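Heads up: the structure comes next, in structure tokens.
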There are 2 protein chains.
Amino acid sequence: MKLITRDTDYAIRALNYIVCNEGRTVSITEMVRELKTPKPFLRKILQLLGINGILKSYKGKNGGFMLAREPDKIFLLDLMKIFQGQFKISECIFKKDTCPNQQYCLLRTELESIEKMVLEKISAITLKSLKKN
Amino acid sequence: MKLITRDTDYAIRALNYIVCNEGRTVSITEMVRELKTPKPFLRKILQLLGINGILKSYKGKNGGFMLAREPDKIFLLDLMKIFQGQFKISECIFKKDTCPNQQYCLLRTELESIEKMVLEKISAITLKSLKKN
DNA sequence: TTATAATGATACATTAGTTGTGTCATTTGT
DNA sequence: ACAAATGACACAACTAATGTATCATTATAA
Ligand code: FES
Ligand code: FES
């Protein structure tokens, strides 16, 4: 019953650190020092953020990462999609196959309604809106 | 990102079937026929429902299960607690240990707010309210 | 121009949670 | 006594989450 997994969380922390150091590249080595996350894991995460157009990456000495978009254009939902797949909490069971129980399913309507509600709320959250003042 | 696991779902289906046959004991053998769930798995689930006071069980020939409370006193939240543990979606990371990141955590407030919202909505759901008319 | 510090790509390993199965004991009605 | 049910509980398989490791490539600085 976890809405946010660890990679998404690490991603947010890393992005936040990058925001706080805008204007220069930030390396993984530096972030590991600061965020105390396992280095190879963080590497994988940042690479994915690069591939998905959240970060720009620079190879070579003094390389590192910078934001590829403004913080108010980076949505929590984007990150969740990258690391956890499409947001969905209403799939009772039988993910792929069309559920044989569907027409009798007592829960589906309720879950869909909850999902909609959460989605609405969560859609508003961006890296910028998360930032502490 | 699953709000309801399979055992909770099976539990609901089984309970619903029992409700539809109130006044007599319903055996696992019968429910398996009807619900097409794996028998040993359903047994485990029903046993847990018994232990947790949702069902009364009767051993021996012609034995089986009956509701231990009225359908409007059986909350979805009860079932989720039995099969999935205490409802909580705001624990970012580090379940047990007090989170070292807590004071800097950008997400916690947001998640707690979402959790509260969902909890409110989900608290209203009972076996009775789920029943199709 | 070479050593070094960075990311790219990608495969593998570990752990925890979900989803089951199987076995023997006990109870109860016929 | 037998058969049909649950009780207790250990074990197994599968999947998802979390984390590691390795080699290749690129860019800077000495
Ligand atoms: S169990 Fe498939 S739609 Fe509910
Ligand atoms: S990461 Fe621990 S409170 Fe948010």
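Quick note: numbers below take in every heavy atom, side chains included, and nothing from hydrogens, waters or symmetry partners. Lettering of chains follows the sequences in order, A, B, ..., and the numbering in each one begins at 1. Just so we're clear, the structure is a prediction, and the values are computed from it rather than from any experiment.
- Proximity of B/Arg43 to the phosphate of D/dT6: no side-chain N or O atom is located under 4.0 Å from OP1 or OP2.
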Table please: side-chain donor-acceptor pairs of residues 114-125 of chain B below 3.5 Å, with sequence neighbours left out.
unit_1, atom_1, unit_2, atom_2, d
B/Glu115, OE1, B/Ile89, N, 2.8
B/Glu115, OE1, B/Ser90, N, 2.8
B/Glu115, OE1, B/Ser90, OG, 3.0
B/Lys121, NZ, A/Ser113, OG, 2.8
B/Ser123, OG, B/Leu119, O, 2.6

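- Annotation: proximity of residues 15-36 of chain A to DNA chain D (heavy atom, distance under 4.0 Å) is found for no residue.
- Atom NZ of B/Lys2 is separated from atom P of C/dG17 by 13 Å (rounded to the nearest Å).
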Which atom pairs, donor and acceptor, lie under 3.5 Å between side-chain atoms of residues 73-85 of chain B and protein residues at least two apart or in another chain?
unit_1, atom_1, unit_2, atom_2, d
B/Asp78, OD2, B/Arg69, NH1, 3.4
B/Asp78, OD2, B/Phe75, N, 3.1
B/Lys81, NZ, B/Gln86, OE1, 3.3
B/Gln84, OE1, B/Thr5, N, 3.0
B/Gln84, OE1, B/Thr5, OG1, 3.2
B/Gln84, OE1, B/Thr8, OG1, 2.6
B/Gln84, NE2, B/Leu3, O, 2.9

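- For B/Arg6 and D/dA13, the CZ to C1' distance is 13 Å, given to the nearest whole Å.
- When the salt bridge (Lys or Arg N to Asp or Glu O under 4.0 Å) test is applied to B/Glu112, the partners found at least two apart in sequence or on another chain are B/Arg108.
- Under the salt bridge (charged side-chain N to carboxylate O under 4.0 Å, His left out) criterion, no residue pair touches residues 32-49 of chain A, with sequence neighbours excluded.
- At least one side-chain nitrogen or oxygen of B/Tyr10 sits closer than 4.0 Å to the OP1 or OP2 atom of C/dG20.
- For A/Tyr58, the side-chain contact (heavy atoms from CB on, under 4.5 Å) partners at least two apart in sequence or on another chain are A/Thr25, A/Lys56, A/Met66.
- Distance, A/Ile4 CD1 to D/dT18 C1': 16 Å, rounded to whole Å.
- In this structure, A/Gly63 and A/Ser27 approach most closely via the heavy-atom pair O-CB, 3.9 Å.
- A straight line from CG of B/Asp7 to P of C/dT21 spans 13 Å, rounded to a whole angstrom.
- Among the protein residues, A/Lys44 comes within range of the nucleic acid bases, having at least one heavy atom under 4.0 Å from a base atom.
- Qualifying ring-ring contact (aromatic ring centres under 6.0 Å, His included) partners for A/Phe87, counting only residues two or more places apart in sequence or in other chains: none.
- Nearest nucleotide to the side chain of B/Gln47, out of D/dG7, D/dT26, C/dT19: D/dG7.
- Taking every heavy atom of residues 48-57 of chain A and every atom of DNA chain C, pairs under 4.0 Å involve A/Ser57, by number.
- Under the rule for a side-chain contact (heavy atoms from CB on, under 4.5 Å), the partners of A/Asn21 that lie at least two apart in sequence or sit in another chain are A/Tyr17, A/Arg24, A/Val26.
- The nearest whole Å value for the distance from the CG atom in B/Leu3 to the P atom in C/dT18 is 12 Å.
- Of the two residues contacting DNA chain C, namely B/Gln84 and B/Lys59, the nearest-nucleotide position lying further toward the 5' end is that of B/Gln84.
- Interface residues of residues 61-68 of chain A facing DNA chain D, ordered by number: A/Lys61, A/Asn62; criterion, heavy-atom separation under 4.0 Å.
- Computed from coordinates, the B/Lys39 NZ to C/dT23 P distance equals 14 Å when rounded to whole Å.
- Residue-level contact check: B/Pro40 touches the bases, meaning some heavy atom is under 4.0 Å from a base atom.
- Rounded to whole angstrom, the span from the CZ atom of B/Phe83 across to the P atom of C/dG20 amounts to 13 Å.
- Using a 4.5 Å cut-off between side-chain heavy atoms of Ile, Leu, Val, Met, Phe, Trp and Tyr, B/Ile51 forms no hydrophobic cluster with any other residue.
- When all heavy atoms of B/Val19 and B/Pro71 are compared, the pair lying nearest together is CG2-CG, 4.2 Å.
- Between A/Ala14 and A/Leu35, the shortest heavy-atom contact is CA-CD1, 3.6 Å.
- Rounded to whole angstrom, the span from the CG atom of A/Leu42 across to the C1' atom of D/dA21 amounts to 16 Å.
- Partners of B/Lys61 by side-chain contact (heavy atoms from CB on, under 4.5 Å), not counting sequence neighbours: none found.
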